Amino acid sequence: MPDIPEPLTELARAKINLWLHVTGRRPDGYHELSSLVAFASVGDCLSVHPSRSFSLTATGRFAADLGVPSDNLILRAAQALADMEGIREGAAFKLIKNLPVSSGIGGGSADAAAALRLCRTLWSLRTSANAMRAVALQVGADVPVCLSSQTVHMTGIGEHLETLRLPPTATPALLANPGVPISTSAVFRELDGKYSLSAEMSTGADLITLVADNRNDLEGPARRLAPAIEAVLDAIAGTSGCHLARMSGSGATCFGLFASDTDAEQAADGIAMAYPDWWVAPCRIG
């Protein structure tokens, strides 16, 4: 076991579906998607220590919402990588859960991807990028895109990732969640087979224009299941400097894209004051 005096730490960045088109359903029940995925500057914090067994402890605002620790995607990911590489050691994880659970921003998937990155370093592995992606997909459909946390056009069920060349400056934004967990499977059932074409990619457009020209097919179904989403979207859209407000993934987290960091921070302060029970975070996306 390598000598690692300090714990290894990773930021599990929030995954944002800037748009999401549902293009069909496979015979195995998984839905085919076309989504522009980017990552925010906020996320959970995951650290790991060497250990003879696997364990997870969690703190932070949303730690109590995680459920049974032994069934967490972090431990599933670490065990899957150990099984593939024949590793007999374990890993002791500590998670600071800053992101709301079941909120459409891939918190659990980002945590699992961070666990894979940490274990690769902890165990001094030379696992190839393709093999890491295969393990990630085994853990969950959203884990491969979180593994690199780069802006990509994601298709299939999440296994096909096309890296995009977009402006290098990240876009000022805010994230807001009303504290209403939503079942992804329930949102897809509410979609009721209404599928779209894959989104057309325009490499010459700026990010805001690119996003505005598309949509999130799950936003309507999610709003019917959780009307609080409409209040979040209205609150974001009504702030100064907001170019666009939209829901991420299957909800209920919504995001706003802004003209400046100052606009995003002031909007976040105003919304947090008006809705103290909401989770609100100014950030940058991209």
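Just so we're clear, the structure is a prediction, and the values are computed from it rather than from any experiment. All values below were derived from every heavy atom in this structure, side-chain atoms included, with hydrogens, water molecules and symmetry-related copies excluded.
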Revision key, fill the gap. F93 and C119 have their tightest heavy-atom pair at CZ-SG, 3.6 Å
Review point. Under 3.5 Å, is there a donor-acceptor pair between the side chain of T23 and the main chain of E32?
Key: yes
Exercise for review: Please examine the side chains of L122 and P50, heavy atoms only from C-beta on, and report whether any two atoms are closer than 4.5 Å.
Suggested key: yes
Review point. What's the spacing between L218 CG and H31 NE2 if we round to 0.5 Å?
Key: 8.5 Å
Practice item. Please report the shortest heavy-atom distance between L191 and D217, naming the atom on each side. Key: CD1-O, 3.7 Å
Exercise for review: Report yes if the side chains of T239 and F258 come closer than 4.5 Å at any heavy-atom pair, otherwise no.
Suggested key: yes
Review point. Is there a chain of hydrophobic side chains (I, L, V, M, F, W, Y, each step under 4.5 Å between heavy atoms) that links F62 to F255?
Key: yes
Study note, to complete from the structure: When every non-hydrogen atom of I285 is compared with those of A173, the smallest separation belongs to CD1-CB, 3.6 Å
Check your understanding: Would you say R215's side chain and H21's backbone share a donor-acceptor pair under 3.5 angstrom?
Key -> no
Point to revise | Which atom of R284 lies closest to which atom of P172, heavy atoms considered | key: CG-CA, 4.3 Å
Exercise for review: Return yes if some donor-acceptor pair links the side-chain N/O of R246 with the main-chain N/O of V211 below 3.5 Å, else return no.
Suggested key: yes
Review point. Side chain to side chain contact (heavy atoms under 4.5 Å, CB included) with W19: which of D213, V37, N214?
Key: N214
Check your understanding: To the nearest 0.5 Å, how far apart are NE2 in H153 and OG in S35?
Key -> 7.5 Å
Exercise for review: To the nearest 0.5 angstrom, please state how far the CG atom of L137 sits from the CD atom of E159.
Suggested key: 6.0 Å
Point to revise | Within-4.5 Å side-chain heavy-atom neighbours: V22 and L33 | key: yes
Check your understanding: Is the closest side-chain heavy-atom distance between L174 and I236 below 4.5 Å?
Key -> yes
**Study point:** T127 and L116, any side-chain heavy atoms less than 4.5 Å apart
**Key:** no
Point to revise | Validation row: N98, V42 side chains within 4.5 angstrom (heavy atoms) | key: no
Review point. If you group Ile, Leu, Val, Met, Phe, Trp and Tyr by side-chain heavy-atom gaps below 4.5 Å, do L66 and I96 land in one group?
Key: no
Exercise for review: Taking all heavy atoms of G104 and all of N17, pick out the closest pair and write down the distance.
Suggested key: O-OD1, 4.1 Å
Check your understanding: If you count the non-hydrogen atoms of other residues, nucleotides and ligands that lie under 6.0 Å from CZ in R126, is the total more than 12?
Key -> no
Practice item. Treat each ILVMFWY residue as a node, draw an edge where side-chain heavy atoms are under 4.5 Å apart, and state whether M132 and L75 are in one component. Key: yes
**Study point:** S240 and Q266: CA distance, side-chain angles, deciding distance, side-chain hydrogen bond (donor to acceptor under 3.5 Å, both in side chains) verdict
**Key:** CA-CA 8 Å; S240 176; Q266 291 179 346; over 6 Å; no
Exercise for review: For the pair R13 (side chain) and A40 (backbone), establish whether a donor and an acceptor sit closer than 3.5 Å, ignoring hydrogens and angles.
Suggested key: yes
Point to revise | Side chain to side chain, M154 and D142, heavy atoms closer than 4.5 Å | key: yes
Point to revise | Whether S183 side chain and A186 backbone form a donor-acceptor pair below 3.5 Å | key: yes
Point to revise | S47 backbone acceptor or donor facing T9 side chain under 3.5 Å | key: no
Check your understanding: Which pair of non-hydrogen atoms, one from I105 and one from P100, has the smallest distance, and what is that distance?
Key -> CD1-CD, 4.3 Å
Review point. Is L225 reachable from F188 through a run of hydrophobic residues whose side-chain heavy atoms are each under 4.5 Å from the next?
Key: yes
Review point. Are the side chain of N216 and the backbone of G249 linked by a donor-acceptor contact shorter than 3.5 Å?
Key: yes
**Study point:** Salt-bridge present (K97, D65; N to O < 4.0 Å)
**Key:** no
Check your understanding: OH of Y30: more than 12 outside heavy atoms within 6.0 angstrom?
Key -> no
Practice item. Quick one: pull up CG in L18 and OG1 in T171 and give me the separation to the nearest 0.5 Å. Key: 8.0 Å
Point to revise | Sub-4.5 Å side-chain heavy-atom contact between T253 and L99 | key: no
